[in-house]
Structures are given as C-alpha cells and as structure tokens.
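A note on names: the letters A, B, ... follow the listed sequences, proteins ahead of strands, and every chain is numbered from 1.
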Amino acid sequence: MPRPCRESYGDQKPPYSYISLTAMAIWSSPDKMLPLADIYRFISDRFPYYRRNTQRWQNSLRHNLSFNDCFVKIPRRPDRPGKGAYWTLHPAALDMFENGSLLRRRKRFKLLKSDKDRLENELAALANLNR
DNA sequence: GTCTAATTCAAAT
DNA sequence: ATTTGAATTAGAC
C-alpha cells in the first residue's frame with residue numbers, strides 16, 4: 001500500500017480495487033482507523049467516478065470489510081460517539097500489496113480460525129469495557 | 001485457457 | 001450497519 005494518492009482519474013474508473021481504496025482511506029487517517037461513512041467520503045472526495053452508483057459500490061465495499069480478514073472492526077469508545085464502529089487494518093495485513101498490483105492480490109488475506117477466534121474474543125472483551 | 005480474487009446482487013441478522 | 005452466500009466478472013500467470 002503506497003501513498004494516499006492525490007491524482008484524479010476524472011470520471012474514469014481508477015485502477016484500484018475496493019480493498020485498495022479502503023486501505024488507502026484507513027491509511028490516510030491519523031489514527032489508522034475510520035468509520036464506514038468516512039471511508040465512503042475519502043473515496044468519493046478523491047475519485048469522481050465514485051460519486052455515482054453509490055448503492056452498488058458501497059454495498060460491495062461493505063462486503064469487503066466483512067469478508068476480508070484484513071479489515072478489523074473496532075468497537076467505538078464512549079468518548080468518541082458516532083454511528084458505526086471503526087474499521088482498521090490487521091497488523092499482519094499491512095504488506096498486503098507487497099506485489100505490484102493494487103487490483104488483485106496474489107492471495108486473499110485469511111486468518112487461521114484459531115487466530116480469528118482469539119482476536120474476536122479480545123474485541124468482545126474490549127466492547128464490554130466500553131459499556 | 002486456468003485459477004482464484006474481486007465485484008455484484010441480495011437475503012438474513 | 002454487518003455478515004453471508006451464490007453467481008458472475010476479470011486480473012495475473
């Protein structure tokens with residue numbers, strides 16, 4: 001994952017996958033985590049192409065967040081109120097795009113079930129503390 | 001042309 | 001808003 005790109009592709013579809021765009025958005029934020037609405041905003045601000053067909057690509061984006069283990073949902077802290085949870089990148093997925101292409105990774109990032117279960121337990125515990 | 005990641009539609013939660 | 005699945009599209013080799 002390289003720099004938060006500033007170049008514009010006009011109304012043409014930018015050469016990035018939703019995974020890449022989402023990673024850029026999260027990467028660009030000070031805390032390296034963003035709520036869904038801010039991810040949407042990052043993408044549509046930079047790429048005019050994504051100011052249309054919002055229902056389609058936003059649904060696809062959401063599908064990616066849930067489906068790919070590289071995105072981790074962090075419960076909101078009570079002192080930072082708002083709507084959805086925060087999304088961040090799994091530490092082990094930071095080099096996800098080590099290979100050149102931002103369109104397609106060589107392999108999908110998947111956690112071992114044991115690691116995934118452990119992570120989910122930790123996050124559940126965190127959610128309890130915040131309540 | 002094969003392999004499989006990415007996208008889309010969409011139901012269920 | 002989030003998770004899941006089936007079907008389809010498409011990038012890398």
Side-chain angles (χ1 to χ4, degrees):
Chain A
M1 243 300 299
R3 71 287 175 223
C5 54
R6 170 120 281 149
E7 67 262 51
S8 170
Y9 293 87
D11 289 330
Q12 291 311 299
K13 182 171 183 163
Y16 306 110
S17 63
Y18 294 129
I19 315 280
S20 306
L21 292 168
T22 304
M24 285 178 204
I26 292 173
W27 202 245
S28 77
S29 72
D31 298 329
K32 304 286 180 273
M33 61 171 66
L34 286 178
L36 185 60
D38 288 346
I39 298 174
Y40 291 158
R41 178 148 17 82
F42 175 93
I43 294 173
S44 55
D45 275 359
R46 278 195 173 55
F47 306 103
Y49 176 83
Y50 292 111
R51 312 227 251 245
R52 290 166 191 272
N53 301 315
T54 52
Q55 177 167 304
R56 181 189 304 156
W57 70 263
Q58 292 183 353
N59 184 20
S60 297
L61 194 321
R62 273 181 249 120
H63 185 279
N64 280 305
L65 288 172
S66 292
F67 182 72
N68 288 99
D69 289 346
C70 50
F71 299 115
V72 180
K73 189 179 60 174
I74 305 290
R76 218 175 243 281
R77 302 211 34 203
D79 53 302
R80 281 203 285 183
K83 281 150 287 185
Y86 276 86
W87 289 96
T88 189
L89 290 165
H90 191 286
L94 295 182
D95 59 348
M96 204 164 40
F97 295 106
E98 243 178 4
N99 59 104
S101 180
L102 292 173
L103 284 177
R104 186 185 157 123
R105 294 112 99 213
R106 268 199 230 307
K107 311 196 73 140
R108 207 165 242 149
F109 178 80
K110 278 294 176 192
L111 253 31
L112 263 27
K113 189 182 163 298
S114 55
D115 289 338
K116 189 170 180 176
D117 287 348
R118 202 168 39 65
L119 180 57
E120 275 166 13
N121 286 337
E122 288 166 8
L123 290 169
L126 182 55
N128 282 333
L129 285 181
N130 291 341
R131 178 166 7 115

Which atom pairs link the protein and nucleotides 5-7 of chain C when you take only N or O atoms and keep those under 3.5 Å?
from	atom 1	to	atom 2	distance (Å)
C:dG5	O6	A:His63	NE2	2.9

- Enter the distance from A:Asn121:CG to A:Leu126:CG here, rounded to the nearest 0.5 Å. 12.5 Å
- Task: Name all residues meeting the side-chain hydrogen bond (donor to acceptor under 3.5 Å, both in side chains) criterion together with A:Asp31; count only those two or more places apart in sequence or in a different chain, and write none if there are none.
- Result: A:Arg80
- Message: Looking at A:Leu111, is its backbone amide N or carbonyl O close enough to the side chain of A:Asp69 to form a donor-acceptor pair, meaning the two atoms are under 3.5 Å apart?
- Response: yes
- The reported gap from CG in A:Asp95 to SG in A:Cys70 (rounded to nearest 0.5 angstrom) is 11.0 Å
- Message: How many whole angstroms separate atom CG of A:Leu65 from atom C1' of C:dT2?
- Response: 9 Å
- Query: If you look at every strand shown and take non-hydrogen atoms under 4.0 Å, does A:Lys83 touch a base, only sugar-phosphate, or nothing?
  - Reply: nothing
- Not counting sequence neighbours, which residues clear side-chain contact (heavy atoms from CB on, under 4.5 Å) with A:Arg56? List them please. A:Asn53
- Item | Rounded distance (nearest 0.5 Å) linking atom CH2 of A:Trp27 with atom CZ of A:Phe42 | 12.5 Å
- Query: Sequence neighbours excluded, which residues qualify as side-chain contact (heavy atoms from CB on, under 4.5 Å) partners of A:Pro35?
  - Reply: A:Asp38, A:Arg76, A:Tyr86
- Query: Whole-Å distance between C:dG11 P and A:Tyr18 OH?
  - Reply: 13 Å
- Query: Quick one: do A:Leu94 and A:Leu34 end up in the same hydrophobic cluster if we chain Ile, Leu, Val, Met, Phe, Trp and Tyr together by side-chain heavy atoms under 4.5 Å apart?
  - Reply: yes
- Note on the structure: Nearest heavy-atom contact between A:Leu103 and A:Ser17 is O-CB, 3.6 Å
- Item | Results of salt bridge (Lys or Arg N to Asp or Glu O under 4.0 Å) for A:Arg118 - residues two or more places apart only | A:Asp115, A:Glu122
- Query: Roughly, in whole Å, what's the span from CG in A:Leu102 to C1' in C:dA10?
  - Reply: 16 Å
- Those residues at least two apart in sequence (or on a different chain) that pass side-chain hydrogen bond (donor to acceptor under 3.5 Å, both in side chains) with A:Lys32 are none
- Task: Using the heavy-atom set of chain A and a strict 4.0 Å cut-off, write down the first and last nucleotide of DNA chain B that makes it in, 5' to 3'.
- Result: B:dT4 to B:dA10
- Does A:Lys73 place a side-chain N or O at less than 4.0 Å from the phosphate oxygens OP1/OP2 of C:dT3? yes
- Message: Using a 4.0 Å cut-off on heavy atoms, which residues in residues 104-127 of chain A reach DNA chain C? List them by number, or say none.
- Response: A:Arg104, A:Arg106
- Message: Which residues in residues 30-37 of chain A have a heavy atom closer than 4.0 Å to any atom of DNA chain B?
- Response: none
- Query: Quick one: do A:Leu123 and A:Leu36 end up in the same hydrophobic cluster if we chain Ile, Leu, Val, Met, Phe, Trp and Tyr together by side-chain heavy atoms under 4.5 Å apart?
  - Reply: no
- Message: Is there a path of hydrophobic side-chain contacts, each under 4.5 Å between heavy atoms of I/L/V/M/F/W/Y residues, joining A:Ile19 to A:Phe67?
- Response: no
- Query: Same cluster for A:Leu65 and A:Val72 if Ile/Leu/Val/Met/Phe/Trp/Tyr side chains link at under 4.5 Å?
  - Reply: no
- Item | Non-neighbouring partners of A:Tyr40 that pass ring-ring contact (aromatic ring centres under 6.0 Å, His included), sequence neighbours left out | A:Trp57
- Message: Strictly below 4.0 Å: does A:Ser66 bring a side-chain N or O up to OP1 or OP2 of C:dT3?
- Response: yes
- Mind listing the residues from residues 50-60 of chain A sitting with a heavy atom below 4.0 Å of DNA chain B? Number order is fine. A:Arg56, A:Asn59, A:Ser60
- Item | Residues which pass salt bridge (Lys or Arg N to Asp or Glu O under 4.0 Å) with A:Lys113, listed by chain and number, not counting sequence neighbours | A:Asp117
- Task: Starting from P on C:dT9, measure out to CG on A:Leu103 and report it in whole angstrom.
- Result: 18 Å
- Has A:Ser101 got a side-chain N or O lying under 4.0 Å from the OP1 or OP2 atom of C:dA12? yes
- Take atom CH2 of A:Trp87 and atom C1' of C:dA1, then tell me their distance rounded to the nearest Å. 9 Å
